[in-house]
2 protein chains.
Amino acid sequence: METENGARWLSDEEQRTWRTHLEVSRLLTYQLERDLQPFGLTYNDYEILVNLSEAEDHQMRMSDLARATLQSKSRLSHQITRMENAGLVRRENCESDRRGLFAVLTDYGWETMKRVAPHHVAAVREHFIDLLSPQGLESLQAALEPVAKHLRGARGRA
Amino acid sequence: METENGARWLSDEEQRTWRTHLEVSRLLTYQLERDLQPFGLTYNDYEILVNLSEAEDHQMRMSDLARATLQSKSRLSHQITRMENAGLVRRENCESDRRGLFAVLTDYGWETMKRVAPHHVAAVREHFIDLLSPQGLESLQAALEPVAKHLRGARGRA
DNA sequence: TTGAATTCATTCAATATTCAACTTAATTTG
DNA sequence: CAAATTAAGTTGAATATTGAATGAATTCAA
């Protein structure tokens with residue numbers, strides 16, 4: 001039950017749970033991505049729309065948006081360029097910090113969000129939420145929140 | 001509580017749980033990927049090594065491997081080419097079906113696996129398993145297994 | 001207050017992924 | 001059994017992502 005250098009292997013139950021979590025997380029992303037395809041959006045596009053939609057004035061600084069969506073600045077920069085070409089967002093200068101830029105939701109972006117969100121939520125229900133019992137929901141949150149907290153911290157200590 | 005087209009939004013608790021799950025799944029992948037970097041492996045590399053290590057004769061058909069690791073045949077093909085160049089696997093013809101190929105773990109691939117696995121397992125413990133209480137572990141499995149089952153099915157019905 | 005370090009964001013080149021087209025082999029069917 | 005269909009896998013071009021380098025504005029510190 002110990003590896004040669006002293007690390008402890010996973011028990012059968014631990015391994016099963018770990019693999020289930022992994023599988024769910026992969027298949028779910030895959031499925032939700034597919035449910036967004038008919039609307040011409042990737043999951044990444046959608047997440048950015050969500051963030052901007054919930055932000056004050058429908059705008060966020062590039063850095064904040066990158067942090068919120070867990071992507072590198074470089075990746076976000078490309079991503080926003082694409083979404084800009086698609087008419088969903090635009091860049092706007094920041095007066096208080098002239099290095100900075102805002103990504104701003106366009107009217108079309110906001111309309112798109114309002115149109116797509118119900119379908120996305122329905123998919124989240126169908127493939128996840130509605131498959132959990134009330135206790136399932138509750139215990140999931142209870143189990144995962146500490147993990148999330150730990151990982152948020154670990155992310156900083158890069 | 002209803003969207004215009006009749007879909008039901010998520011309750012606060014549902015939303016919280018959903019977002020926590022999403023966050024954990026993203027940050028965890030990110031973290032494990034980072035823990036593998038010092039060994040010169042991506043998570044994708046590692047998963048393929050795991051699959052081959054557990055397979056009979058350390059070999060699998062390309063299609064099966066693609067299915068097991070949830071990637072397209074094309075992606076796997078490129079991936080295996082890279083791993084072949086890195087000396088971790090090799091391709092071998094399949095006699096019974098001459099269209100087919102096996103991806104086979106090389107000695108070096110197997111040595112790599114034995115060397116890296118303990119560190120990976122330790123990371124899985126540190127960032128996930130050891131943060132769950134015994135009930136946490138159990139209820140997680142209980143909650144997620146039906147979701148996994150559902151999604152496995154949905155995947156087929158593409 | 002000036003020079004050094006940091007932050008914001010982009011760009012370019014190297015990698016990786018996707019998608020459609022293709023080749024070859026196996027299977028089906030009329 | 002011949003033609004059509006399906007399956008296994010690869011390829012190449014288009015697209016996306018990564019990581020290092022860059023430029024420009026801000027902050028820090030002596």
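Keep in mind it's a predicted model, so treat the numbers as computed, not measured. The chains referred to below are lettered A, B, ... by the order of the sequence lines, with proteins before strands, and numbering in each begins at 1.
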Most 5' of A:Arg61 and B:Gln79 on DNA chain C, judged by nearest nucleotide: A:Arg61
Segment of DNA chain C, first to last nucleotide, that comes within the 4.0 Å heavy-atom reach of chain A: C:dT7 to C:dC12
side-chain N/O A:Arg82 vs D:dA16 OP1/OP2, d < 4.0 Å: yes
Length of the [atom1]-[atom2] vector between [X] and [N], whole Å:
X	N	atom1	atom2	value
A:Ile80	D:dT17	CD1	P	12 Å
A:Leu70	D:dT18	CG	P	12 Å
B:Phe102	D:dG9	CZ	C1'	14 Å
B:Asn85	D:dT10	CG	C1'	15 Å
A:Lys73	D:dA24	NZ	P	17 Å
B:Leu65	D:dG9	CG	P	10 Å
A:Glu33	D:dA16	CD	P	12 Å

Flag if over 12 foreign heavy atoms under 6.0 Å of CG, B:Asp107: no
NZ/A:Lys114: more than 12 non-hydrogen atoms of other groups inside 6.0 Å: yes
Selection residues 71-84 of chain A - residue pairs positive for salt bridge (charged side-chain N to carboxylate O under 4.0 Å, His left out), sequence neighbours left out: A:Glu84-A:Arg91
Contact list for DNA chain C against residues 91-100 of chain A - heavy-atom distance below 4.0 Å: A:Arg91, A:Arg99, A:Gly100
Residues within residues 35-57 of chain B bordering DNA chain C, heavy-atom distance below 4.0 Å: none
A:Arg125 side chain to B:Trp9 backbone, donor-acceptor under 3.5 Å: yes
Steps toward ring pair (Phe, Tyr, Trp, His ring centres under 6.0 Å) verdict (B:Phe39, B:His120): CA-CA 10 Å; B:Phe39 301 100; B:His120 177 71; 9.8 Å; no
Distance-only polar pair, side chains of B:Asp45 and B:Gln79, donor-acceptor under 3.5 Å: yes
B:Glu33 and its side chain to side chain contact (heavy atoms under 4.5 Å, CB included) partner, picked from B:Leu28, B:Leu41, B:Asn44, B:Thr42: B:Thr42
Test side-chain contact (heavy atoms from CB on, under 4.5 Å) applied to A:Leu52 and A:Met113, step by step: CA-CA 10 Å; A:Leu52 293 178; A:Met113 183 61 197; over 6 Å; no
Pair up each side-chain donor or acceptor in residues 131-147 of chain A with any protein partner under 3.5 Å, not counting sequence neighbours, and list the distances.
{"unit_1": "A:Ser133", "atom_1": "OG", "unit_2": "A:Gln135", "atom_2": "OE1", "d": "3.3"}
{"unit_1": "A:Ser133", "atom_1": "OG", "unit_2": "A:Gly136", "atom_2": "N", "d": "2.8"}
{"unit_1": "A:Ser139", "atom_1": "OG", "unit_2": "A:Gln135", "atom_2": "O", "d": "2.9"}
{"unit_1": "A:Ser139", "atom_1": "OG", "unit_2": "A:Gly136", "atom_2": "O", "d": "3.2"}
{"unit_1": "A:Gln141", "atom_1": "OE1", "unit_2": "B:Thr20", "atom_2": "OG1", "d": "3.0"}

Residue pairs, two or more places apart or on separate chains, that pass side-chain hydrogen bond (donor to acceptor under 3.5 Å, both in side chains) and touch residues 49-58 of chain A: A:Glu54-B:Arg19
Carboxylate-amine/guanidinium contact A:Arg16 A:Glu13, below 4.0 Å: no
Sugar-phosphate, base or nothing in reach of A:Ser63, heavy atoms under 4.0 Å: sugar-phosphate
Inter-residue atom distance A:Leu76.CG - A:Leu70.CG, 0.5 Å rounding: 11.5 Å
Toward the 5' end of DNA chain D, by each residue's nearest nucleotide, A:Ser72 or B:His78: B:His78
Base D:dG9 paired with B:Ser77 side chain (donor-acceptor, <3.5 Å): no
